[in-house]
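Some notes on the structure that comes next.
In what follows, every chain begins at residue 1, and chains take the letters A, B, ... in the order their sequences are listed.
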Amino acid sequence: MQALLEYAIVGGVLYGIFFGLVAVGLNLIFGVMRIINLAHGEFVILGGFGAYWVSHSLGLNPLWGLPLAALGAVVIGFPLYYAVVPGLQRSRDPEMLSFILFFGLAQIIDAIISLGFGPDQRSLPDEALGGGTISVLGQAFPDSWWVAAGVSVLAILGLWLYLTRTRLGFATRAIMANRDEAYATGISVDKVSAIAFIIGLALAGAAGVFVPYLQGSVGPGIGNSLTTTSFAILIIGSLGNPVGTLFGGLVFGVGSMLMQTFYASWSDLVPYVLLVVIVLVRPQGLFGKAVRHA
Amino acid sequence: MSSEPILTLTNVAKSFGGLQVLSDVNFELKPGEILGLVGPNGSGKTSVINLISGVHQPEAGSIRFDGAEIQRLTPHARVKLGINRSFQVPKCFISMSVRENIEVAAHFSGHNADIPAILDDIGLTGMEATPAASLTANQQKMLDLGRALATGPKLLLVDEIGAGLNPAELTGIADLLKRIAARGISMIVVEHLMEFLNKLTSRVIVLSAGKIIFEGSLEDASHDPEVVTAFFGGAA
Amino acid sequence: MRESWFKRARAGLITAAVLALVFSLAPNVYNNSSLLFMMMTYIVLSQGLNLLYGFTGYLPFGYVGFFGTGAYATALLVMKLHLPIGLAIAAGPIASMIVALVLGPLLRLSGAYFSIANLAASQILFIVIGNPNLQDITGGPYGVKIDEVYNPTASYAAMVVLVVVVTLIATFFRRSRFGQGLKAMADDPVSAEMSAIPVVRMRLLAWLTSAAVAGLAGALYAWNLSVFYPDAVFTLEISVFAIVFALFGGVGTVLGPIIGAGLLYALYNAIGISEPQYFQLIYGVLIVGLVMFLPEGILSLLTRRGINVF
């Protein structure tokens with residue numbers, strides 16, 4: 001019993017830190033552009049397939065999927081931002097229309113992945129990230145989990161430093177606080193937002209590299225559950241704050257692992273129940289701004 | 001006309017997230033009277049309007065209208081009792097025509113409104129079929145007022161309707177509000193522009209930091225030291 | 001002043017009559033009646049979704065939850081309580097309205113939050129109903145079977161009736177003061193309150209109506225299929241199709257969802273069933289294109305030319 005509990009908590013912390021990374025890109029894009037990127041989960045999957053491709057076709061370590069995710073985010077994100085976002089911001093109902101548009105984009109990406117890689121689930125070799133296990137409190141978890149958690153912490157910390165220590169980061173936060181005022185103070189809102197958009201996609205892709213390890217495999221069709229889970233996490237952790245998202249990830253991760261350990265068949269409910277309960281009971285997140293009107 | 005007040009606020013208080021925006025607000029309004037509500041930015045003028053119209057609910061105190069307590073009623077229920085308002089930033093029903101904007105308010109309030117007369121009042125006669133979305137900002141303000149009139153109010157709350165208008169337009173609005181008041185409709189007019197208010201009423205209430213600091217004539221208000229400090233004297 | 005109710009309802013009556021005629025006669029000339037049944041199901045679901053999204057601006061991403069609830073309520077009442085099929089079907093919309101009442105607080109959320117929370121709610125229903133631990137009650141992942149009441153002809157006829165009813169409800173939303181009030185709320189809820197519109201109550205009413213439509217569609221679907229897994233009635237694809245079909249035709253109109261569902265479901269049958277990825281690609285592109293160039297749907301091509309679309 002004690003061992004099971006320790007297993008669930010250690011595993012939940014690792015799993016949760018990783019899910020902080022899965023969700024943080026969605027949070028950044030939402031905070032800056034007020035757009036719910038419903039294709040977020042699909043970008044995570046793309047990252048996973050990128051890692052699969054470098055590993056299987058190029059014979060490289062799947063960690064090369066990380067720079068590939070960054071590169072892919074620039075190549076896809078830059079034109080995508082300018083093609084759709086400024087137009088949406090000017091539209092009658094930016095929130096809802098962008099929601100629907102990115103939903104369409106999710107379908108396109110999902111279809112392209114299925115057409116390109118087939119509908120199968122793909123996994124990656126354990127040895128690539130160590131292949132052994134590391135134990136804490138007597139609970140052994142594969143090296144890949146620790147690598148994923150380590151990279152996640154670094155990426156979230158990096159984002160936090162970017163937002164708090166750089167000029168672009170300041171500008172990004174100014175836009176998060178008030179887009180109109182940011183325009184008025186002469187910040188080049190579109191440039192700063194485009195960069196935030198690319199960073200958001202890159203983080204999603206980077207998280208995808210580890211999905212085959214933490215979820216067992218990656219394949220088309222899981223994007224939707226990744227997006228909703230990410231949304232639940234960002235709502236728990238409050239908007240615009242990467243450290244909050246890490247915290248949200250931990251709540252989800254530990255909750256999920258506890259359920260998986262003790263009530264396995266109900267564990268799929270965790271993200272959805274968290275989401276519904278939190279938007280209704282505490283829409284401003286456990287700390288943060290209100291998202292509810294009237 | 002009876003001299004019973006149509007509206008009575010007793011010890012009304014409101015705060016948002018720990019910030020006290022109104023405390024201990026007491027005043028009365030007689031039928032057919034126009035009351036000016038003035039004060040610096042953030043003094044709580046619009047909050048008073050929001051509490052009376054039901055957009056927000058007070059934490060403490062009572063609001064009586066026409067002999068009944070209304071502070072727990074929904075906004076639409078208050079509209080049916082005869083309270084309506086205009087908005088500082090009007091939000092007309094932009095998917096509808098001018099006429100539909102007024103019709104929908106008349107229908108749901110159950111008031112048998114004279115729509116041509118209202119259109120005439122707000123200067124939009126001949127534009128019945130125009131989409132509200134293509135009106136100018138001032139025309140939207142007028143349509144917002146028309147929506148309020150269509151529900152047959154006994155009390156009309158007017159929130160900074162003069163902002164952004166030129167002197168000729170201001171005179172026009174002042175005349176319209178006087179005509180409306182002459183029909184026996186009581187009015188609370190929130191306004192920054194003293195000259196404008198001067199045309200409408202002599203009785204004003206001055207709010208500062210959520211409290212009433214003066215009640216009396218506009219003339220006396222301008223000589224009241226506390227009022228002068230609140231408006232010009234930095235440390236408030 | 002205002003036109004008589006008959007004049008206002010005329011376009012709706014004609015539309016409903018045409019639909020009834022087409023779907024009553026179609027099995028005589030086209031023998032794939034399960035395709036026709038599914039097309040009607042999607043017309044109903046797109047229209048039901050339109051009642052909410054087109055008139056109040058709330059996009060129910062978890063709309064399938066009501067469909068699945070209706071289907072399961074009917075199936076379980078037949079299986080466990082041996083209720084006559086008519087009663088069991090009537091219970092479908094009642095069950096989905098109860099779910100809608102429980103989820104009522106979601107309506108306090110603004111646009112996208114509502115959508116995503118509703119999506120989560122439908123997933124919760126799916127996970128609970130399909131849960132192996134509840135196999136004794138719901139059949140769990142192994143689904144339900146009511147082949148003793150299987151009746152393809154009668155269930156087909158019932159779906160034709162539902163298409164007619166839903167068209168008439170949509171007509172009411174489009175042409176009545178009630179619908180005008182909903183539009184006003186969608187434009188601005190505060191101004192709507194100040195027009196004496198009981199915003200909360202009317203929004204709830206639209207939500208319940210929309211849920212009941214999906215619940216009834218689910219009930220008839222269960223009857224027609226008679227054997228199904230939880231996946232079949234809770235798959236997110238059903239929400240997605242209803243949304244895409246309604247958006248494609250144009251929400252806020254009566255004809256839009258009918259045309260959207262008719263055309264796109266036919267397209268789905270032509271290419272989608274054998275090559276689902278290609279169909280997914282097509283509707284993904286369609287959605288992006290619609291939002292960017294035709295946010296009011298294809299019928300707005302007519303509206304823009306000054307033609308009034310019903």
Side-chain angles (χ1 to χ4, degrees), chain B residues 46 49-50 52-56 73-97 99-116 131-133 140-141 143-153 156-157 159, chain C residues 1-3 5 8 50 52-58 104 107-108 110-111 172-206 250-254 256 295-297 299-300 303-304 306 308-310:
Chain B
T46 297
I49 303 276
N50 284 342
I52 299 171
S53 59
V55 173
H56 295 136
L73 297 182
T74 57
H76 67 262
R78 299 187 203 197
V79 171
K80 286 196 166 174
L81 288 179
I83 298 175
N84 216 317
R85 65 174 290 176
S86 68
F87 290 91
Q88 193 178 346
V89 181
K91 293 193 182 75
C92 302
F93 305 130
I94 52 162
S95 68
M96 300 181 191
S97 68
R99 188 186 179 92
E100 284 174 313
N101 264 269
I102 294 173
E103 267 179 0
V104 78
H107 170 78
F108 279 94
S109 64
H111 177 64
N112 190 14
D114 182 350
I115 292 175
Q140 291 203 12
K141 269 189 184 180
L143 182 55
D144 185 44
L145 188 63
R147 172 200 45 76
L149 291 174
T151 63
L156 186 61
L157 313 165
D159 196 0
Chain C
M1 280 283 295
R2 224 162 124 69
E3 300 163 320
W5 72 267
R8 277 181 282 133
N50 179 40
L52 190 71
Y53 180 55
F55 291 88
T56 70
Y58 283 82
L107 294 169
R108 290 192 311 225
S110 71
F172 175 71
F173 273 49
R174 179 100 170 111
R175 288 286 164 89
S176 69
R177 290 290 189 205
F178 177 81
Q180 200 178 29
L182 291 178
K183 282 283 210 191
M185 286 157 45
D187 281 350
D188 189 81
V190 180
S191 287
E193 275 281 341
M194 282 298 143
S195 303
I197 298 172
V199 171
V200 174
R201 199 188 318 151
M202 278 181 51
R203 195 180 274 158
L204 188 64
L205 214 55
V251 294
T253 66
V254 177
E296 317 281 327
L299 286 183
S300 66
T303 323
R304 285 180 190 178
N308 202 1
V309 173
F310 166 62

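The shortest non-hydrogen separation linking B/Lys80 to C/Ala196 is CG-CB, 4.2 Å. Here the closest heavy-atom approach between residue B/Phe108 and residue C/Phe178 is recorded as CZ-CA, 4.3 Å. The minimum heavy-atom distance linking C/Asp187 with B/Ile94 is given by the pair OD2-N, 3.2 Å.
Contact check for B/His76 versus C/Arg201: side-chain heavy atoms found under the 4.5 Å cut-off. Looking at heavy atoms from C-beta onward, B/Val55 lies in side-chain contact with C/Met194 at the 4.5 angstrom threshold. Side-chain contact between C/Glu193 and B/Val79 is absent, with no heavy atoms from C-beta onward closer than 4.5 Å.
Counting only residues at least two apart or on different chains, the salt bridge (charged side-chain N to carboxylate O under 4.0 Å, His left out) pairs with a member in residues 83-95 of chain B are B/Arg85-B/Asp159.
Proximity to chain C (any heavy atom under 4.5 Å) is shown, for B/Ser53, by both the backbone and the side chain. For C/Ala192, the parts lying under 4.5 angstrom from a heavy atom of chain B are both the backbone and the side chain.
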Q: Just do the side chain to side chain contact (heavy atoms under 4.5 Å, CB included) check on B/Glu100 and C/Lys183 with the steps written out, would you?
A: CA-CA 11 Å; B/Glu100 284 174 313; C/Lys183 282 283 210 191; over 6 Å; no

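With rounding to the nearest 0.5 angstrom, the CG atom of B/Asp144 is 9.0 Å from the CG atom of C/Asp188. Note that OG of C/Ser191 is 5.0 Å distant from CZ of B/Phe93, once rounded to the nearest 0.5 Å.
Between chain C and the residues B/Ala148, B/Ala132, B/Ala106, B/Ala105, the largest count of heavy-atom pairs under 4.5 Å involves B/Ala105.
Not a single ring-ring contact (aromatic ring centres under 6.0 Å, His included) links B/His111 to another residue, sequence neighbours left out.
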